[in-house]
Amino acid sequence: MVIAAHRRTRPKSLRPQPPWTRVHELAYSYWGCGHQVSISSDFMRSTQAGLAAAAATRRRFLTVTGTAAALALTGALPGIRSAHAASAVNVDRQPLFTLGIASGDPLPDAVVIWTRLAPEPLAPFGGMDQRPVTVQWQVAEDEAFHRVVRRGTATARPEYSHTVHVDVQGLRPWRHYFYRFRVGGQISPVGRTRTAPAPGDAISAMSFAFASCQAWFEGYYTALADMARRDHDVILFLGDYIYEFGADKGVRPDSGDPHAMRQTVTLDDYRERYALYKIDPDLQAAHAAAPWIVTLDDHEVVDNWADEAHPSAPPASFLVRRANAFRAYWEHMPLRLSQLPNGPDMQLYRRLRYGTLAEFSILDTRQYRSDQAGGDGEKPPNPGSLDPSRTITGEEQERWLLDGLAASGTRWNVIGQQNAMAQLDVKAGPDMVVPMDTWDGYVGSRNRVLGGAHERGVKNLVSLGGDLHRSVASDLKLDFADPASPTVGTEFVGTSITSGLDGADHDQVGLTLLAENPHIKYHNFQRGYVTCTVTEQEWTADYRVADRVTTPGGTVTTRAQLVVEDGRAGIQTT
């Protein structure tokens, strides 16, 4: 979703693969910390008739079969192998770590480390044959690896696109560590990560960055290069890591990817798109600089999808596509085994704590939401958007969020999510028009979350969002129709890394937002990210803005510094 300027339209038709009648069963294995965990899956047991009769629920997806359903598990037609699958990969001569390394979801005593073996990243299967590969890993206290504290082996399996997710445990709280992988004579790049503080530790400060929306074809990752050079304890990525539609802008030179112009639908499509993005050296550098906490938005699947609904396909077919997208997402992100998708279901909302200073509640506002009101787009408030029974989080996640905020006990209570929670009137004059894809389209959810936090006495509530392709910083009001209503929190929405091309300091939409929404305190329509420094006394958000992304060599500077004081909701400009 993007407000007005640079809007993408939904594809008119994305037809699923024709059904295939063979029953398909697979068993998977996952390695972490030297211990093998077996996962069995009995997906897709019915026949072709079962596909035609599939109901529009994710649960019944698990009984659907056919070629598209098989692709959700294998990424290729059973019995068909790529030209690269016939011969063994020479692990001593062919470069394996072309997609870099990453770490994520830090706990006080653990962190996930990730890599993928891909000697030919844009080829089928990444150029790997269909055999498992043993990967050695090390975690050390120093970059030279003189003080190795954890080591082991993992198995990069073809079922998981030869990715490795190791949940390294037994680490010390609030410590920097370095990690690397080895296959044969090849050693990966070195990554730097950091564990979280112990829950009761009163740390004095932390620094983190957050970003979203990095359409590869719309610009260079200048903002990520800047992010990698700065010292952050953790990085939050709030969605649109990839884009599902083809590279039609042509800002970058031809990638050499023959499939870059087409929509991603199959598992192989999504895997290849992640490979295209991950070969970028600035994205690799940002991953190597700090652990990431990630959540997805719409373009990891398809533009503005909602739960089981998207106009590109019937629900049963869409759930197959969603399963493909979720599988590729998990494979390429530094996520734990607990986030491994079960077909079209993936548990993404979770909570990460940084001592007594801050707790991050990471949301999933796509998988459980009601369909967009009024057919999506930007509309006046309407019976659908105002219907209190509609939800952007789902009832269970909403309850989890409010219960967690009430019980956190930390100085700052942070919601990391995909969309803007603040009201965004984009029409000049007395009439109101708001986007149906943000929390404006789910007023009941917004009222329950902000009202519930206020009733529970939640202090220092900060929402972090993305998706708008513009920077918007706002006071969160109990009642946005009343400027005198209590301010119950603060919201920082970050702009895109590249999506939307270079942009400008302000466009007409931004000027309208500032004029019509007194709770909005800052706006910018260029590319960049946000870096935050958090202490017990105040929260400082620096909006880092790139002067250009459509050509290499852009410059990133701090366009605005916004401050929130402890115990005083709302933004103060310094």
Side-chain angles (χ1 to χ4, degrees), residues 103-111 141 143 171-178 191-211 223 226-238 286-294 351-362 404-405 408-416 458-465 471 473 489-494 521-522 528-544 556-574:
S103 68
D105 271 20
L107 301 176
D109 62 348
V111 69
E141 293 178 334
E143 194 169 4
L171 303 176
R172 295 191 296 169
W174 206 223
R175 296 291 193 276
H176 284 110
Y177 290 98
F178 299 86
R192 181 175 182 257
T193 191
R194 190 173 195 182
T195 53
D201 285 355
I203 62 172
S204 60
M206 69 172 297
S207 173
F208 72 93
F210 70 93
D226 182 75
M227 186 189 295
R229 289 190 292 266
R230 296 166 70 87
D231 189 15
H232 296 107
D233 299 315
V234 68
I235 293 169
L236 277 63
F237 199 89
L238 301 178
H287 272 296
W292 283 38
I293 299 170
V294 300
R351 192 170 284 118
L352 295 103
R353 185 183 178 102
Y354 276 74
T356 61
L357 186 62
E359 187 168 77
F360 294 82
S361 298
I362 307 300
L405 291 174
S408 76
T410 57
R411 179 79 54 158
W412 299 91
N413 294 284
V414 190
I415 301 174
V458 177
K459 304 297 184 183
N460 295 337
L461 179 67
V462 179
S463 170
L464 309 177
S471 299
T490 308
E491 179 165 74
F492 298 109
V493 173
K521 307 302 181 182
Y522 171 73
Y529 70 101
V530 184
T531 183
C532 300
T533 302
V534 183
T535 69
E536 291 186 348
Q537 292 75 39
E538 65 181 24
W539 178 301
T540 304
D542 291 342
Y543 275 84
R544 301 283 291 170
V556 180
T557 58
T558 298
R559 181 59 53 86
Q561 185 174 87
L562 308 176
V563 174
V564 181
E565 293 181 352
D566 171 41
R568 183 181 175 187
I571 296 169
Q572 303 167 58
T573 305
T574 60

What distance separates [X] [atom1] from [Y] [atom2], expressed to the nearest 0.5 Å?
{"X": "His176", "Y": "Glu143", "atom1": "NE2", "atom2": "CD", "answer": "11.5 Å"}
{"X": "Glu565", "Y": "Glu538", "atom1": "CD", "atom2": "CD", "answer": "7.0 Å"}
{"X": "Thr356", "Y": "Glu536", "atom1": "OG1", "atom2": "CD", "answer": "6.0 Å"}
{"X": "Thr195", "Y": "Trp174", "atom1": "OG1", "atom2": "CH2", "answer": "8.0 Å"}
{"X": "Tyr543", "Y": "Arg559", "atom1": "OH", "atom2": "CZ", "answer": "13.0 Å"}
{"X": "Leu562", "Y": "Tyr522", "atom1": "CG", "atom2": "OH", "answer": "7.5 Å"}

Can a donor-acceptor pair be found, under 3.5 Å and without considering hydrogens, that links the side chain of Arg353 to the backbone of Ala196? no
So does Trp412 get a backbone contact from the side chain of Thr410, meaning a donor-acceptor N/O pair under 3.5 Å?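 Yes.
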Can you classify the ring geometry of Trp539 versus Phe492 as parallel (below 30°), tilted (30 to 60°) or perpendicular (above 60°)? parallel
Can you establish whether the number of heavy atoms outside Arg175 located under 6.0 Å from its atom CZ is more than 12?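 Result for CZ/Arg175: enclosed.
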Applying ring pair (Phe, Tyr, Trp, His ring centres under 6.0 Å) to Phe237 and not counting sequence neighbours gives Tyr241, Trp292
Given side chains that start at C-beta, do those of [X] and [Y] come closer than 4.5 Å, heavy atoms only?
{"X": "Tyr354", "Y": "Pro106", "result": "yes"}
{"X": "Val462", "Y": "Val564", "result": "no"}
{"X": "Ile293", "Y": "Phe210", "result": "no"}
{"X": "Val556", "Y": "Met227", "result": "no"}
{"X": "Thr558", "Y": "Thr531", "result": "no"}
{"X": "Thr490", "Y": "Leu461", "result": "no"}

For [X] versus [Y], what's the shortest heavy-atom pair and its separation?
{"X": "Ala289", "Y": "Ala228", "result": "CB-O, 3.8 Å"}
{"X": "Ala290", "Y": "Ile235", "result": "CB-CD1, 4.1 Å"}
{"X": "Ile362", "Y": "Val294", "result": "CG2-O, 4.3 Å"}
{"X": "Asn413", "Y": "Val458", "result": "ND2-CG1, 3.7 Å"}
{"X": "Pro108", "Y": "Pro199", "result": "CG-CD, 4.1 Å"}
{"X": "Ala569", "Y": "Gly489", "result": "CB-N, 3.9 Å"}

Residues two or more places apart in sequence or in another chain: which of them pass side chain to side chain donor-acceptor pair (under 3.5 Å) with Ser103? Thr193
Please determine whether side-chain contact (heavy atoms from CB on, under 4.5 Å) holds for the pair Val111 and Tyr177, giving the CA-CA distance in whole Å, both sets of side-chain angles, and the decisive distance to 0.1 Å. CA-CA 10 Å; Val111 69; Tyr177 290 98; over 6 Å; no
Is it true that Asp231 and Arg194 have a side-chain N and a carboxylate O under 4.0 angstrom from each other?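 No, no charged N to carboxylate O under 4.0 Å.
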Report yes or no: do Asp542 and Gln561 form a side-chain donor-acceptor pair below 3.5 Å? yes
Checking Arg351 now: which residues fulfil salt bridge (Lys or Arg N to Asp or Glu O under 4.0 Å) with it, not counting sequence neighbours? Glu359
